[in-house]
Colleague: 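Pasting in a structure now, in structure tokens, and then I'll have a few things to ask.
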Amino acid sequence: MEDFSDLLEQLYFTGSHNAKSALIIDYLQRTPDPDRGWAIAAMAGALRFDFFKRNAVKQLMLERIDPVLFEMSYDYVGEMSETVAHLWPASASPGAEGLPSLGEIVTQFAEAKRTDVKPLLTKYLDAMTAAQRWALIKLGTRGLRIGVSARTMKQILAKFGDTDVAEIETLWHGVAPPYSDMLAWLEGKADKPDISEEVTFHPVMLSHPIDEKNLEELQPKDWQIEHKYDGIRVQLVSTANGKALFSRTGDDISPSFPDLLQSITEHCVLDGELLIMHGDNVDTFNQLQQRLNKKKPPKKLIESLPAGLMVYDIIADEKQMLTDRTLDERHQLLVRFIERSRSDRLHLSQPLQAKDRDSLQQLYARASDDTAVEGLMLKRKDSLYVPGRPKGLWFKWKRQPKLVDAVIMYAQRGHGKRSSFYSDFTFGAWQDDVLLPIGKAYSGFTDEELKKLDNWVRRHTVGRFGPVREVAKELVIEVAFDAAHPSGRHKSGVALRFPRFHRIRWDKPANEADTLDNVKALIES
Amino acid sequence: MHPQHWMSVESPGLYCRPADLYIDPMKPVALAVVTHGHTDHAMAGHSHVYATDKTMAIMTTRYGEEMAESTQPMRYGESVMLGEADDPVRMTLYPAGHIMGSAQVLLEYRGSRLVVSGDYKRRPDPTCLPFEVVPCDVFITEATFGLPVFTHPPIEREVDKLINSLQVFKHRCHLVGSYALGKCQRVILALRQAGYHKPIYLHGALIRLCELYQQHGIDLGKLVPVSEIEDKSTLAGEIVIAPPSALADRWSRAFPDVRTVMASGWMQIRARARQKQVELPMIISDHCDWPELIQTIEEVGAKEVWVTHGRENALVYQATQMGFKARALSLLGYEDEQETG
Ligand SMILES: [Zn+2]
Ligand SMILES: [Zn+2]
């Protein structure tokens with residue numbers, strides 16, 4: 001624990017990235033397992049549980065100091081862990097007794113019964129120096145911020161093991177603290193940990209929005225062209241040890257989609273779009289939404305809105321990782337995989353053919369009219385599966401948003417740093433001479449525009465309902481959105497997907513804004 | 001008579017009416033007693049100044065021979081009578097343990113005793129006599145580090161950090177920010193005591209005060225002005241001491257791979273140290289930490305404690321909890337962490 005505390009102390013006061021990296025590598029080289037692995041987890045924010053709650057620390061402190069003096073001190077220091085580190089009554093010879101190793105401390109807290117946590121914490125705080133107390137509290141509440149992000153830590157590990165950071169990325173979710181197997185591999189003392197049987201998330205490859213320049217430069221023959229489906233990006237993992245469905249950020253959403261997972265019997269890691277599918281027919285995003293975030297979806301819902309996967313990539317086939325194969329190769333393997341799969345819920349995302357840029361433009365135009373998709377995906381055929389958002393390999397070419405002119409009706413204050421501004425707006429469309437709300441938007445404007453909007457709201461308030469201000473029906477905004485759906489929940493009978501500010505029409509008279517009929521005409525059947 | 005009837009806070013500073021005397025005034029006055037040479041206590045331009053001879057020497061070093069119209073050096077324990085002959089104020093100076101020459105001021109008038117501690121500390125300091133407990137009715141204490149989060153570690157431990165760092169970072173120039181008066185000399189002495197006998201390099205602003213200390217018999221070892229070093233790359237692995245304001249200066253850019261060190265009681269608060277881009281904070285203070293403030297209030301045992309110079313609220317609260325009558329004495333112009341923390 002002493003070494004770990006010293007390391008944190010040095011990292012805290014070290015500004016340069018390289019110097020931090022050198023300190024950590026030095027620590028990894030001279031520290032045994034499992035201590036160094038726990039240190040990695042703590043610094044990278046990968047510890048999976050709190051040792052104790054901040055409040056428990058505070059309570060213990062208040063048993064030892066006058067609350068007024070505590071408040072004054074906290075106020076001055078501005079940070080709880082450090083306040084406690086300094087205020088905790090020091091023993092006669094702090095740090096002299098010798099503390100257990102970091103690994104032992106982690107184990108003790110992990111295994112402590114609820115009622116034992118406070119006495120354990122007290123014992124250590126008593127025996128420690130202020131710097132060690134600070135380290136323990138930061139560690140135990142998972143509040144270490146010493147300028148080493150998870151990403152930085154992976155880079156440092158790559159340097160430590162003289163390997164590529166992508167190797168660490170692919171491994172990261174499949175290994176767990178204290179990472180002894182990974183560290184042994186990085187030191188050349190063991191093989192790369194085999195995570196093929198782990199039911200674990202593999203970081204996904206993401207695309208960039210395409211721009212004019214990219215479009216001009218690309219040769220269609222080098223690119224795999226696919227529809228961009230209007231569902232959610234997921235990763236399906238199936239091994240002998242179990243099956244799971246992950247969101248693209250690694251959240252496990254398996255419980256909401258048991259039907260899809262049950263259909264899979266092969267060992268695989270698939271990348272695709274989660275959709276509601278009736279046979280080969282894709283249902284709307286609106287329908288998919290009904291199945292999201294349901295921990296225990298009712299049987300009837302599952303039957304009426306079956307989940308399917310539009311698969312566009314294969315990351316592992318049986319135990320074979322395919323991330324170092326080209327997209328071309330992976331696609332061949334994917335086609336064969338889907339052919340032999342026993343699941344009826346897997347659908348191949350069919351590549352589209354464009355022999356030149358004109359036909360590509362035509363594909364795009366058709367995709368824009370197709371209600372089940374929201375544009376095209378362009379992927380270099382020779383691209384390896386690179387986690388993260390590598391440049392120039394995958395592009396998304398979204399169809400143009402739909403636009404309506406709507407009138408601002410209500411405004412509400414935002415959250416966080418926007419909490420002093422009216423930044424959430426409800427807007428409506430005309431039905432005869434009445435405005436009916438059709439949606440809410442809180443993005444798409446610049447900071448400058450936000451100030452102007454806020455000012456406008458304050459000067460045009462005509463009523464107040466709690467935090468909400470009703471404003472004069474005078475200001476028109478051009479609202480962009482991805483799709484319009486019929487809605488029973490809204491009085492207007494229509495709901496917009498991803499509405500956001502496109503332009504503020506300070507110039508446009510409110511009576512020239514769109515009618516509700518105009519808006520409903522944009523609903524896709 | 002209770003001191004509250006004959007002491008007040010005026011715009012130049014703390015004032016004793018029957019003696020027409022200011023203590024550490026920050027504007028030129030006719031009659032002043034100066035507790036010690038720090039710039040938030042000692043200024044030039046008073047007509048007549050009382051202080052210890054060492055404080056006088058510091059003031060002369062800093063402000064020149066013309067620093068006051070007339071001066072009257074006093075020894076510790078020596079008294080002078082001020083004010084009306086038939087209604088006098090008796091003033092006596094006692095050691096404060098803060099820096100060389102620092103004194104507490106005892107004022108006795110109509111049967112009551114008031115002690116102005118000035119700045120003080122309780123840790124051993126080879127450059128000055130230790131703080132002396134002077135019984136009194138009202139004790140005016142500083143509160144620079146008047147919060148329970150402040151507990152200063154032993155200076156030996158902090159200096160070891162620097163010496164270790166010199167071993168680990170053999171090729172980096174260790175640039176130590178330190179106040180010119182008191183702190184600088186104490187850090188040098190502690191380094192010498194820890195067995196560091198190489199030359200120590202000094203920023204120009206520190207040289208005269210170090211010489212003054214050496215004239216007063218304090219052996220600081222070999223000191224070299226940085227300006228005498230032609231080839232600054234030879235400062236790799238050496239200690240250079242500079243005033244804190246010079247740390248981020250142009251001046252230090254020529255030095256090889258600077259490691260920024262800072263010696264100050266404020267270094268205890270991490271965020272503060274990091275804010276100043278200090279890589280190696282050394283918690284070394286010439287003021288009392290919280291336990292020492294409390295210890296002193298207890299030992300002096302004055303019925304009443306007036307608190308000034310720092311975080312008064314917490315100490316007033318604490319003294320009240322301890323059963324003393326306590327209040328904050330708000331003095332203008334005394335909040336200057338930059339110079340004396
Ligand atoms: Zn002072
Ligand atoms: Zn001072």
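Residue numbering restarts at 1 for every chain, and letters A, B, ... go by the order of the sequence lines. What's counted below: heavy atoms across the whole structure, side chains too, no hydrogens, waters or symmetry copies. On a predicted model such as this, the values are computed, not experimentally measured, just so you know.
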Colleague: Applying side chain to side chain donor-acceptor pair (under 3.5 Å), name anything that partners B:Arg186, two or more places apart in sequence or on another chain.
Modeller: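 B:Asp286.
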Colleague: What residues of residues 7-28 of chain A sit under 4.5 Å from chain B when only non-hydrogen atoms are counted?
Modeller: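 Residues of residues 7-28 of chain A touching chain B at under 4.5 Å: A:Glu9, A:Tyr12, A:Phe13.
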Colleague: With a cut-off of 6.0 Å (strictly less than), are more than 12 heavy atoms of other residues, nucleotides or ligands near CZ of B:Arg250?
Modeller: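 Atom CZ in B:Arg250 is not packed in, count stays at 12 or less.
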Colleague: Using non-hydrogen atoms and a limit below 4.5 Å, what part of residues 47-74 of chain A faces chain B?
Modeller: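 The residues closer than 4.5 Å to chain B, in numerical order, are A:Ile65, A:Asp66, A:Val68, A:Leu69, A:Met72, A:Ser73.
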Colleague: Can B:Arg311 and A:Tyr76 be said to form a side-chain contact (heavy atoms from CB on, under 4.5 Å), step by step?
Modeller: CA-CA 10 Å; B:Arg311 268 127 286 280; A:Tyr76 178 80; 3.7 Å; yes
Colleague: Looking only at non-hydrogen atoms, find the nearest pair between A:Glu82 and B:Ile269 and report the distance.
Modeller: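 Residues A:Glu82 and B:Ile269, closest heavy atoms: OE2-CA, 3.4 Å.
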Colleague: For residues 239-265 of chain B, pull every pair meeting ring pair (Phe, Tyr, Trp, His ring centres under 6.0 Å), keeping only residues two or more places apart or in separate chains.
Modeller: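 Residue pairs with at least one partner in residues 239-265 of chain B: B:His203-B:Trp251, B:Trp251-B:Phe255.
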Colleague: Which atoms of A:Trp88 come close to chain B, meaning under 4.5 Å heavy atom to heavy atom: side chain ones, backbone ones, both, or neither?
Modeller: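 Looking at A:Trp88, nothing touches chain B.
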Colleague: For B:Gln321, which atoms come within 4.5 Å of any heavy atom of chain A: side chain, backbone, both, or neither?
Modeller: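 It is the side chain, since no backbone atom gets that close.
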Colleague: Closest heavy-atom contact between A:Val77 and B:Val149?
Modeller: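 What the structure gives for the nearest pair is CG2-CG1, 3.9 Å.
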Colleague: With a 4.5 angstrom heavy-atom cut-off, is it the side chain or the backbone of B:Pro153 that approaches chain A, or both, or neither?
Modeller: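 Nothing of B:Pro153, per the 4.5 Å heavy-atom cut-off to chain A.
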Colleague: Counting neighbours of CG on A:Asp164 that are heavy atoms of other residues, nucleotides or ligands and sit closer than 6.0 Å, is the number greater than 12?
Modeller: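 Yes, because the 6.0 Å sphere around CG of A:Asp164 holds more than 12 heavy atoms from other groups.
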